[in-house]
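Taking it in order: structure first as structure tokens, then the write-up.
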Amino acid sequence: MKQTNDTSITIATYSTDWEAHIAEGVLSNEGIPCTLTNETFSSIYPIGFNSIGGINLVVPAEYADTAWRLLDLTTAQEDSPES
């Protein structure tokens with residue numbers, strides 16, 4: 001967990017913009033305020049972008065636990081085999 005300032009926490013880092021936007025959408029749909037940082041760099045400097053940190057998903061600290069649970073649940077559902 002990386003603290004970005006006194007009230008916000010980076011809860012995830014993504015190497016592609018589409019992954020970051022999906023996670024942002026999941027949280028936004030649940031009413032959790034969130035921001036993507038470093039997003040501009042991914043389009044300006046696509047080759048080697050991960051070497052400067054990827055796209056960070058940042059939420060207010062009070063929403064961090066809920067956001068982690070939602071993103072873990074979403075990932076678990078995507079990874080589970082269909083019956």
Looking at every heavy atom in both [X] and [Y], which two are closest together, and how far apart are they?
{"X": "A20", "Y": "I55", "answer": "CB-CG2, 3.7 Å"}
{"X": "G31", "Y": "Y63", "answer": "O-CE2, 4.4 Å"}
{"X": "L57", "Y": "C34", "answer": "CD1-CB, 3.9 Å"}

Which residues share a side-chain hydrogen bond (donor to acceptor under 3.5 Å, both in side chains) with E19, sequence neighbours left out: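 E19 satisfies side-chain hydrogen bond (donor to acceptor under 3.5 Å, both in side chains) with T16 once adjacent residues are dropped.
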Any pair counted as side-chain hydrogen bond (donor to acceptor under 3.5 Å, both in side chains), so long as it reaches residues 24-34, sequence neighbours left out: H21-E24
From CG (L71) to OG1 (T66), nearest 0.5 Å: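 That separation rounds to 11.0 Å.
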For A67, all residues meeting side chain to side chain contact (heavy atoms under 4.5 Å, CB included), sequence neighbours excluded: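 Here the qualifying residues are I11, L27, I32, V59.
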Pairwise side-chain contact, N56 with L36, heavy-atom cut-off 4.5 Å (strictly under): no
